[in-house]
Amino acid sequence: MNADGKETEKTRIKPRILSGFRDFRPEVMIPRERMIETAKQVYRAYGFAPIDTPTLEYLDILLGKGGDESDKQMYRFTDNGGREVGMRFDLTVPLARFVAQHSNDLGLPFKRYHIALVWRGERQQFGRYREFMQCDFDCIGSLHVSSDIETALVIDDLLHSLGFDRFTIRLNSRQILNGILETVGLLDKSVAVLRSLDKLGKVDRTAVIEEMEEKAGASRTEAENILKLADLNGSNQQILRDLEPMVRGNEVGETGLARLHAIVDGFEAAGANGARIKIDVSIARGLAYYTGAVFETVLDDLPGIGSVCSGGRYDDLAGVYTKQELPGIGASLGLDRLLAAQEKLGMIPEVQTPAQIFIPYFDKTGLHQYLKLAGDLRRAGLRVEVYPEAKKLGQQLKYADRRGFVVAIIQGRDEFEQGVCQVKDLRSGDQNEVVTDDLQVLVQHLNDLLSVE
RNA sequence: GUGGCUGUAGCUCAACUGGUCAGAGCGCUGGAUUGUGGUUCCAGAGGUUGGGGGUUCAAGUCCCCUCAGCCACCCCA
């Protein structure tokens with residue numbers, strides 16, 4: 001303000017953020033952190049160990065690993081030292097570099113999880129952003145189908161632990177697809193063919209055939225033969241039976257079929273719900289490096305959001321970085337898509353505070369006692385906030401209510417004199433007087449209240 | 001990256017064919033005799049109509065550019 005009482009002329013920068021990038025307020029960050037924490041717990045439960053890698057890598061490390069598209073979508077620039085660098089667009093390529101660089105120290109098989117941001121210069125859409133978080137888990141160094149089964153189990157476990165009940169893990173095998181393409185004579189066009197095949201869910205049959213003719217140079221008969229795959233229907237066992245004649249005599253195809261069988265059987269044998277996994281021969285996954293099983297997970301209630309957890313097996317993760325052959329399998333949880341889904345499905349409670357217990361700063365002279373009580377309760381494992389000002393009690397309770405605190409502990413002059421406190425359940429409004437000289441009693445009472453959902 | 005639709009207070013929206021059109025509800029802040037929230041009542045703050053330019057006597061309302069959001073393609077978490 002100047003002498004006239006008017007605001008001084010000043011060039012203000014309008015606060016704004018880049019398209020496709022986001023700010024996170026507490027009410028979205030709280031469920032976000034919870035989801036990350038849940039994913040970590042699941043990964044750890046299977047023995048996956050955490051790693052991290054730089055967001056920036058030398059450009060040649062990243063280029064050409066995920067196909068032309070990922071090259072195009074990659075954020076890249078020349079750094080201040082004149083180096084060509086890129087921001088990672090997934091966590092698999094950095095993993096490859098990481099394992100190639102440290103394989104001597106890591107030992108195989110190596111199981112890791114990696115939760116971090118990745119960047120893709122793509123148009124934003126619902127559930128799709130330019131900066132988003134991936135939660136990868138991979139097992140490097142084993143060819144055994146056991147890790148394929150485990151991958152399916154982890155996906156199942158993840159979705160379950162995140163509170164989703166209605167979802168389908170779609171399973172397919174690149175080996176089967178390649179086997180069939182080989183017998184048809186289109187193996188060299190596999191990428192284009194599979195890309196078209198992948199669209200079957202969205203586009204109609206004739207459009208897919210036309211695209212195969214156009215982009216992959218397939219004949220109409222060849223295209224139609226491939227599309228027979230999509231006609232396969234029914235139970236997993238039924239599809240497996242139907243596939244058998246289609247791959248017979250082709251080594252790759254037969255191997256793929258046998259492995260698919262083993263995954264389905266192993267999934268159920270481990271105690272998971274077999275109905276949750278569904279062989280779908282039309283899913284191919286765009287990524288070029290998959291060579292075996294491929295997974296894709298769709299929420300039954302929100303299929304439009306796309307896959308929320310996908311991955312697959314690759315023979316040679318790090319061939320461009322090292323002579324050592326490193327086969328592996330893994331998948332990536334789409335945290336941002338799942339959060340968008342939870343939001344849309346009303347699975348996210350509106351809470352703006354991570355604390356449960358609220359202590360109003362009620363009696364002006366009681367600050368030390370409030371702080372002491374809060375400290376005691378925190379040491380007992382509770383999350384507690386003391387209001388920072390001695391405002392009117394009603395206003396403080398209003399604040400607590402809005403933020404979503406569960407319990408308020410009210411103490412004024414009377415309570416201090418009597419050695420008690422009022423424990424108020426902010427959801428029901430019920431209030432009980434509890435003695436404060438025995439902390440255990442109070443903590444027990446609070447835990448009882450908090451355990452009620 | 002390409003194409004389409006949209007853009008008014010923090011949020012959801014209103015304002016006839018360009019002319020008191022800058023509003024409502026919710027939210028927010030404060031109050032309704034000094035120890036109790038989520039109900040009610042009162043008051044207040046808050047927008048140069050995303051930004052810039054143009055047409056016009058006059059634009060939120062028409063045109064262009066730009067930014068952002070949504071949708072489709074591409075691709076994918």
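This is a predicted model, so every value here is computed, not measured. Every chain is numbered from 1 and lettered A, B, ... according to where its sequence line falls, protein lines coming before strand lines.
- Smallest separation of non-hydrogen atoms from A:I283 and A:N172: O-ND2, 2.7 Å.
- The base of B:rG37 lies outside donor-acceptor range of the side chain of A:R403, with no N or O pair under 3.5 Å.
- The distance from atom CZ of A:R337 to atom C1' of B:rA77 is 5 Å, rounded to the nearest whole Å.
- For B:rG37, neither phosphate oxygen OP1 nor OP2 lies less than 4.0 angstrom from any side-chain nitrogen or oxygen of A:Q395.
- A:R128 contributes a side-chain N or O that forms a donor-acceptor pair with the base of B:rC75 under 3.5 Å.
- A distance of about 30 Å separates the C1' atoms of B:rG18 and B:rG3, rounded to the whole Å.
- Nucleic acid contact class of A:K392 (heavy atoms, under 4.0 Å, all strands): sugar-phosphate only.
- Only the P atoms considered, B:rG23 is 29 Å distant from B:rU55, to the nearest whole Å.
- Between A:Y370 and A:Y361, the two ring planes are perpendicular [angle over 60°; tilted spans 30° to 60°].
- Comparing atom distances between the A:S332 side chain and each of B:rC75, B:rC70, B:rA77 picks out B:rA77 as nearest.
- In this structure, A:S19 reaches the B:rG69 phosphate: one of its side-chain N or O atoms is under 4.0 Å from OP1 or OP2.
- Using C1' as the reference atom, B:rU8 and B:rG60 are 7 Å apart when rounded to the nearest Å.
- Around CD of A:E343, the count of heavy atoms belonging to other residues, nucleotides or ligands within 6.0 Å does not exceed 12.
- Counting non-hydrogen atoms under 4.0 angstrom, A:G20 reaches the backbone sugars and phosphates but no base.
- Straight-line distance between the P atoms of B:rU39 and B:rU20: roughly 37 Å, to the nearest whole Å.
- Here the closest heavy-atom approach between residue A:S173 and residue A:V294 is recorded as N-CG2, 4.4 Å.
- B:rC16 and B:rU61: their C1' atoms are spaced 11 Å apart (whole Å).
- A salt bridge does not link A:E57 with A:R83: every distance from a Lys NZ or Arg NE/NH1/NH2 to an Asp or Glu carboxylate oxygen is 4.0 Å or more.
- Across all strands shown, B:rC26 pairs with B:rG10; the Watson-Crick or G-U wobble distances both stay below 3.5 Å.
- At whole-Å resolution of the value, CG in A:L162 and C1' in B:rA77 are 14 Å apart.
- Nucleic acid contact for A:G127: base, since at least one base atom lies under 4.0 Å from a heavy atom of the residue.
- Look at B:rG1: its Watson-Crick or wobble partner, with both distances under 3.5 angstrom, is B:rC73.
- The local environment of CZ in A:F21 is crowded, with over 12 non-hydrogen atoms from other residues, nucleotides or ligands closer than 6.0 Å.
- One interatomic measurement links the two molecules: CZ of A:R25 to C1' of B:rC28, which rounds to 14 Å at whole-angstrom precision.
- Atom name P, nucleotides B:rG54 and B:rC41: the rounded distance is 48 Å, in whole Å.
- Residue-to-nucleotide contacts include no donor-acceptor pair under 3.5 Å from the side chain of A:Q422 to the base of B:rG35.
- Residue A:L426 is the one, among A:I305 and A:L426, whose nearest nucleotide of RNA chain B lies closer to the 5' end (criterion: closest heavy atom).
- Atoms CD (A:Q418) and C1' (B:rG35) sit 13 Å apart, rounded to a whole Å.
- A 3.5 Å limit on both hydrogen-bonding distances identifies no Watson-Crick or G-U partner for B:rC16.
- Using a 4.0 Å heavy-atom distance criterion, A:E131 is classed as making no nucleic acid contact.
- Aromatic stacking is not marked for A:F362 over B:rG35, as the cut-offs of 5.5 Å for the centres and 30° for the planes do not both hold.
- Within 4.0 Å of A:R402, counting heavy atoms only, lie sugar-phosphate atoms of the nucleic acid but no base atom.
- On the C1' atoms, B:rC71 is 44 Å away from B:rG30, given to the nearest whole Å.
- Note on A:Q125: a base of the nucleic acid sits closer than 4.0 angstrom, heavy atoms only.
- Each of A:K391, A:E385, A:E389 was compared with A:Y399 under the side chain to side chain donor-acceptor pair (under 3.5 Å) criterion, and only A:E385 meets it.
- When rounded to the nearest whole Å, the span between CG of A:L397 and P of B:rG35 equals 12 Å.
- Here the P atom of nucleotide B:rA77 and the CE atom of A:M35 are 17 Å apart, to the nearest Å.
- Comparing A:D425 and A:F132 by the nucleotide of RNA chain B whose heavy atom lies nearest to each, the residue mapping closer to the 5' end is A:D425.
- Side-chain nitrogen and oxygen atoms of A:Q124 include at least one within less than 4.0 Å of the OP1 or OP2 phosphate oxygen of B:rG69.
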Mind running side-chain hydrogen bond (donor to acceptor under 3.5 Å, both in side chains) on A:Q422 and A:Q411 for me, showing each step along the way?
-> CA-CA 6 Å; A:Q422 307 295 336; A:Q411 277 182 299; over 6 Å; no
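- In this model, the phosphate group of B:rC28 is not approached by any side-chain N or O of A:K398 to a distance below 4.0 Å at OP1 or OP2.
- Applying the Watson-Crick and G-U wobble criteria (two distances, each under 3.5 Å), B:rG38 pairs with nothing in any strand.
- Within 6.0 Å of CZ in A:R378 there are more than 12 heavy atoms belonging to other residues, nucleotides or ligands.
- If you take CD of A:Q73 and P of B:rC75, they are 10 Å apart, rounded to a whole angstrom.
- Counting any heavy atom pair closer than 4.0 Å across all strands shown, A:G306 reaches no nucleic acid atom.
- Base engagement by A:Q431 is indicated by at least one non-hydrogen atom pair under 4.0 Å involving a base atom.
- Using a 4.0 Å heavy-atom criterion, one finds that A:F126 contacts the sugar-phosphate atoms exclusively.
- Protein atom CZ of A:R123 is 13 Å distant from nucleotide atom C1' of B:rC5, rounded to whole Å.
- A:D414 comes within contact range of at least one nucleobase, with a heavy-atom separation under 4.0 Å.
- Counting any heavy atom pair closer than 4.0 Å across all strands shown, A:Q134 reaches sugar-phosphate atoms only and no base atom.
- Between the P atoms of B:rC5 and B:rA43, the separation comes to 44 Å (whole Å).
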